[in-house]
Amino acid sequence: MSTHVEIKKVTTHTLQEMKRRGEKISMLTAYDFSMAKILDDAGIDVILVGDSASNVMAGHETTLPITLDQMIYHASSVVRAVKRALVVVDLPFGSYQGNSKEALNSAIRIMKESGAHAVKMEGGREVCDSVSRILSAGVPVMGHLGLTPQSIYKFGTYVVRAKEEAEAHRLLEDAKMLEEAGCFSIVLEKIPAVLATQVAATIKIPMIGIGAGNGVDGQVLVLHDMLGINKEFNPRFLRRYADLYETIRLATINYITDVKSTDFPNEKEQY
Ligand code: KIV
């Protein structure tokens, strides 16, 4: 008798079915093999290899410095760990804004060199050509509206976006355009919950929120924030599910103490 259990992989189609059924989509970021393995084992639907790696992995202040090669390195580590989740990879700043051919080339490099399942890019109407072109090569694209951290120097602040009516109207129009261009889903970051709910009700593809309230089709958080590894970032929308900073700090203190006192290694821990 075979004990082989086939794992049903999450696809872009699965996410659209989940929206249709009203089942919420869970998404977290990951950037390395070990963490991605734990998230996949726990049953996460989508793993985003976010350009937030620039902040939480490399210590940069913004997401701008991370390169396409670095994103591919993180993505390939994640892909090697994942059996079930859909793996989506951010196109980093400077790898797609030039024109749709540049966007296509970057998307193809990510898919070919990392084995990921889809790409994500920030922006609305201005990236629709690129979305269509990438899609025409068979690569699924996730959009990203609201607070778009790659444009931080244009806006100058990380405050809530689309609070004014004109900006809210523009965001809804952008979401429609991204859907028409062929995006399979859109991240809505840091916008009023009422607006996010309206967008999710109007647009057929799944809306994944971060700081966008509970009326959307799924939620995403940055892993290091929700695990409490990163203590400095405390926005209202963040729920911490662990205090790993303290857990790791205390484990390190205990290790140092045991090494200095020669308690570690003991007789059973040696050959
Ligand atoms: O890079 C990232 O982690 C993201 C999420 C905040 C959605 O884009």
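The analysis underlying the following values was restricted to heavy atoms, covering all of them including side chains, and did not include hydrogens, waters or symmetry mates.
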Short side-chain to backbone donor-acceptor contact, Gln219 and Gly213, under 3.5 Å: yes

Arg170/Glu173 salt bridge by N-O under 4.0 Å criterion: no

Atom OH of Tyr73 with >12 non-hydrogen neighbours under 6.0 angstrom: no

The single option from Lys204, Lys19, Arg20 passing salt bridge (charged side-chain N to carboxylate O under 4.0 Å, His left out) against Asp217: Lys19

Identified side-chain hydrogen bond (donor to acceptor under 3.5 Å, both in side chains) partner of Gln97 from the options Glu126, Glu102, Gln150: Gln150

Heavy-atom side-chain proximity of Thr12 to His117 below 4.5 angstrom: no

Result of checking Tyr245, Tyr241, Tyr31 against His224 for ring pair (Phe, Tyr, Trp, His ring centres under 6.0 Å): Tyr31

Test item: Arg161 side-chain N/O and Val159 main-chain N/O as donor-acceptor pair under 3.5 Å: yes

Check: Asp51 and Met71 side chains under 4.5 Å, non-hydrogen atoms: yes

Charged N-O contact under 4.0 Å between Glu246 and Arg249: yes

Full working for side-chain hydrogen bond (donor to acceptor under 3.5 Å, both in side chains) between Asn234 and Arg240: CA-CA 9 Å; Asn234 290 300; Arg240 287 198 203 286; 2.5 Å; yes

Main-chain N/O of Ile72 paired to Ser114 side chain as donor or acceptor, under 3.5 Å: no

Side chain Lys24, main chain Val216, donor-acceptor under 3.5 Å: yes

Any side-chain heavy-atom pair of Tyr153 and Thr62 under 4.5 Å: yes

